[in-house]
Every structure is written in C-alpha cells, then in structure tokens.
There are 2 protein chains.
Amino acid sequence: MHAVLLQELKKHINLTADEEELITTSFRHKKVRKGQFLVQPPDIALYEHFVVSGCLMEYYLDDNGTQHTLIFAPERWWTTDLNSFLKKEESRYYIEALEDTELLVVTREALDKLLKEIPLLNNYFRILYQNAIMGLEERILNVLSSKVEERYLRFLKKYPQLENRLPQYLIASYLGVTPEFFSRVKSRIHR
Amino acid sequence: MHAVLLQELKKHINLTADEEELITTSFRHKKVRKGQFLVQPPDIALYEHFVVSGCLMEYYLDDNGTQHTLIFAPERWWTTDLNSFLKKEESRYYIEALEDTELLVVTREALDKLLKEIPLLNNYFRILYQNAIMGLEERILNVLSSKVEERYLRFLKKYPQLENRLPQYLIASYLGVTPEFFSRVKSRIHR
DNA sequence: ATGACATCTTAAACTAGGTTAAGTTCCTTT
DNA sequence: AAAGGAACTTAACCTAGTTTAAGATGTCAT
C-alpha cells in the first residue's frame with residue numbers, strides 16, 4: 001500500500017529505512033467510493049492526498065453552478081486545495097472521487113513534522129511543485145492561445161489513461177467548454 | 001542591493017550571517033534597459049531572476065505572432081522559463097524588460113550548490129512555488145469562468161502598482177483579449 | 001423487463017470576443 | 001516645429017462558443 005508512495009518519492013530522493021518507516025506511519029490509508037467528496041467548501045482541507053488507485057478531480061463551482069475542472073488526479077498524483085490546506089482557510093475547491101479510490105493522506109501537522117525530520121523531503125516537494133507550475137503555465141497558454149480542438153488533443157497527451165474512464169462532460173469542463181459544444185468538436189474531429 | 005533579496009528570503013526562513021554571505025556571493029547583479037531580453041527562445045534560460053527594481057514580463061509568442069503574457073514581474077518577484085532553467089532545454093518563453101530594471105540572478109549550478117549548503121532554502125522555494133501554484137490555479141479559473149470585465153478587476157488587485165506603468169496592449173495580452181476589445185471593455189466600465 | 005435518471009447528440013438562435021480598417025492622440029526624434 | 005511612428009479608440013462585420021430545447025441512447029435499481 002505505502003510501497004507506491006515510497007517508490008514515487010524515490011524517483012527524486014534517497015531514503016533510509018528509518019525514514020521510510022517514518023513516512024509510512026505519517027500517511028494514513030483511506031478508501032472512498034465513487035461520488036464521495038474529500039474536500040467540500042467551506043470545509044478546511046485536512047489532508048494532502050496521494051492517489052494509489054482510482055481517480056480524483058479538483059474543481060471550482062462558479063456562481064452560475066458551472067463546474068470548472070482544475071485537475072484530474074489518477075494513480076500517483078497528488079491533490080488538495082493547496083490554499084486551504086496550507087493556511088487553514090475555508091476551501092473553495094471541491095475534490096471528488098470519480099471512481100472508487102484508494103489514497104494515502106497526510107495532515108498539515110504530520111507533513112510539517114515530516115519535513116523537519118527529513119529535510120530532503122523539501123527537495124521532493126520543491127520538484128513536485130516545479131512540475132505543477134510548468135503544467136499550469138502550459139495550461140494557461142493553452143486556454144489563451146488554442147482552440148478547443150487543440151486543447152482536446154493535449155488533454156489526450158497529458159492524461160492518456162483517462163479518455164475512456166471519464167464521462168465526456170467532465171472532459172468538456174476541463175477544456176472549458178460546454179458538453180454540447182464539445183460533442184460538436186469531437187464529431188468534427190472524427191470526420 | 002542584495003539587501004532586498006535577503007529581506008525577501010527572511011520573510012519565510014532565518015539565515016545566519018555566514019549564510020547571508022554565501023547567498024550574496026552566489027547571486028550576481030545585472031542591469032538591463034527597457035526592451036532588452038533576458039531570455040529569448042531558443043536560448044537556454046541561464047538564470048533564475050529576482051527583480052530588485054523595474055519590471056519584467058514573461059510571455060509566449062504563438063504561431064500567429066500573438067503575444068500571450070504569463071506573468072509580470074515587478075519589484076521582489078522571481079521569474080524565469082522554469083522548464084528551460086531546470087532541465088537545460090530550449091526556452092519557449094520570452095522574458096523582456098518593460099522598464100530599465102535591476103536584477104539579481106543565479107545560475108542553475110550556483111542555486112543547486114546553495115540549496116545543498118543551506119537546506120533551509122528548499123523551504124523558501126517550496127513556499128514560493130506553492131504560492132505560484134495558487135496564483136496560477138486562480139488564473140486558470142479566471143480565464144475559464146469569468147468575463148473580461150471581471151478578469152480586469154482581478155488584474156488590478158493582483159498588480160496594483162502596474163495599472164499605470166504598463167501600456168494597455170500588454171494588459172490586454174495578460175487578460176487574453178485583443179487590445180481593441182480591451183479598449184471597448186474599459187470604456188464600458190467607465191460608464 | 002421496466003421505469004427513472006444520467007449522458008450524449010443535433011440543431012436553431014444568440015453573444016462574447018476577434019478582425020479589419022480608419023481615424024485620433026501621444027511620444028520621440030530630428 | 002514638424003514628421004513619423006507607436007499606442008489607443010471606434011465601428012462594421014465575422015466566428016467560436018453558449019443557450020435552450022428536444023430527442024436518442026445508456027445504465028442502474030427494482
């Protein structure tokens with residue numbers, strides 16, 4: 001169970017057996033069913049979530065009730081409402097399980113302690129965040145400079161596992177268009 | 001000169017005199033005039049840039065020659081083409097001085113060394129990157145869920161110093177609209 | 001099997017924002 | 001002071017994406 005997490009960490013940093021033990025005891029195992037919420041505004045986001053199997057999504061619900069997807073988090077992805085988790089402020093983003101999902105979660109306190117005891121972990125998270133920044137920057141440029149067609153093709157590259165696991169209206173929400181228009185675009189592509 | 005940088009670092013971490021000295025010698029001072037480029041594709045981004053005075057912008061030039069602004073970096077902001085800087089790959093984003101600007105710059109090698117010698121710095125950068133992520137996420141949601149009017153008002157909140165320092169067409173490019181349409185929006189607001 | 005509800009498709013009418021183009025104001029350089 | 005160019009405005013026309021609505025298909029619990 002924790003092996004997947006340790007493996008992921010070891011992509012970027014080395015860990016002693018003691019450190020692995022410490023990490024294992026700091027992360028708690030959690031199982032949720034499809035449709036369950038892990039974060040729901042205005043609750044404070046209690047955990048940073050690491051997905052072992054299944055898939056989560058993080059989204060914002062605007063004043064018209066439209067859902068805007070920030071990210072999908074399938075296997076080996078991290079997600080939380082970062083602002084809420086770090087500052088203990090009210091969350092603004094929903095995190096919902098799109099499938100039955102197994103997670104490892106860590107509280108803010110446990111993570112702080114962990115970062116103090118294993119300073120090298122700062123390194124791991126620095127790299128994780130750097131990658132997140134590059135991904136988000138690319139996404140902004142996508143939205144600003146590309147038509148839906150092209151954005152869809154990039155979605156397929158970024159999440160090749162997800163194309164057939166997700167309902168289309170969620171992909172539409174990730175791309176920032178209505179399901180109706182997305183349907184039109186798809187049929188345009190396939191001809 | 002380096003005092004501004006040290007002050008910024010000390011917002012999040014404590015430093016000994018020795019460490020301050022080390023940082024001061026690792027960052028080099030650089031002065032550029034309005035219009036100069038600090039990163040220009042396909043050159044590799046040599047430095048992480050910290051702005052002491054003046055203002056930089058980072059943007060992407062799409063296939064039609066349209067300029068899309070990723071961020072503005074006025075006083076006390078950091079910027080670089082992160083992907084290029086970290087992986088030594090060809091840069092894709094331009095970084096240009098919008099005013100005569102004074103900077104402190106650090107190479108990848110010097111920064112790596114610094115992070116090894118002062119592990120606490122990982123902490124500072126982790127926090128910096130976390131903040132960047134929150135800002136970028138918010139920007140994505142803005143583009144996806146808000147009309148230009150509202151995006152403009154948020155720009156004003158995020159960069160209150162810049163409204164009167166920048167030409168309008170750059171603000172339009174940050175908002176993701178044409179200068180013509182932005183002009184229309186502004187006159188609509190003022191009535 | 002049946003009903004109930006969610007998802008997907010198509011199409012017509014509409015709107016935010018883009019494009020083109022002409023005119024105006026402001027800055028710079030001489 | 002004059003000329004030239006960059007930045008800003010306005011307006012007419014165009015297009016990508018939205019809205020509304022209806023019908024078709026799928027899926028799940030009973």
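First the proteins, then the strands, lettered A, B, ... as listed; each starts at 1.
- Taking the six-membered ring for Trp and the full ring otherwise, B:Phe182 and B:Tyr152 have centroids separated by under 6.0 Å.
- Between the CD atom of B:Glu149 and the C1' atom of C:dT15 there is a distance of 13 Å, rounded to whole Å.
- B:His68 places its NE2 atom 10 Å from the P atom of C:dG18, with the value rounded to the nearest Å.
- Comparing B:Arg184 and B:Gln168 by the nucleotide of DNA chain D that holds the closest heavy atom to each, the one mapping nearer the 5' end is B:Gln168.
- Place B:Val185 and B:Glu180 on DNA chain C by their nearest nucleotides, and B:Val185 ends up nearer the 5' end.
- Atoms NZ (B:Lys147) and C1' (C:dG18) sit 16 Å apart, rounded to a whole Å.
- B:Tyr169 places its OH atom 21 Å from the P atom of C:dT25, with the value rounded to the nearest Å.
- In this entry the distance linking NE2 of A:His190 with C1' of C:dC8 reads 14 Å, nearest Å.
- A cation-pi arrangement is found for A:Arg139 relative to A:Tyr174, the charged atom lying closer than 6.0 Å to the ring centre and inside a 45° cone about the ring normal.
- Rounded to whole Å, the distance from CZ on A:Arg188 to P on C:dT10 is 13 Å.
- Remark on DNA chain D: of its neighbouring residues B:Leu170 and A:Ser146, the 5'-side contact belongs to B:Leu170, judged by nearest-heavy-atom nucleotide.
- Taking the ring axis of A:Tyr124 as reference, the NZ or CZ atom of B:Arg126 does not stay both within 45° of it and closer than 6.0 Å to the ring centre.
- The minimum heavy-atom distance linking A:Glu48 with A:Trp78 is given by the pair CG-CE3, 3.4 Å.
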Can I get a per-line list of side-chain donor-acceptor pairs under 3.5 Å for residues 27-46 of chain A, giving both atom names and the distance, sequence neighbours left out?
residue : atom : partner  : partner atom : Å
A:His29 : NE2  : A:Glu102 : OE1          : 2.8
A:Gln36 : OE1  : A:Arg33  : N            : 2.9

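- Side-chain proximity of A:Ser183 to C:dG18, C:dT19, C:dT10: nearest is C:dT10.
- Side chain to side chain, A:Arg154 and A:Asn142 meet the donor-acceptor criterion of an N or O pair below 3.5 Å.
- In this structure, B:Asn164 places its CG atom 16 Å from C1' of C:dC26, rounding to the nearest Å.
- A:Thr79 and A:Glu58 form a side-chain donor-acceptor contact under 3.5 Å, judged by distance and modelled atom types alone.
- Extent of DNA chain D lying under 4.0 Å from chain B heavy atoms, first and last nucleotide in 5' to 3' order, is D:dA7 to D:dA12.
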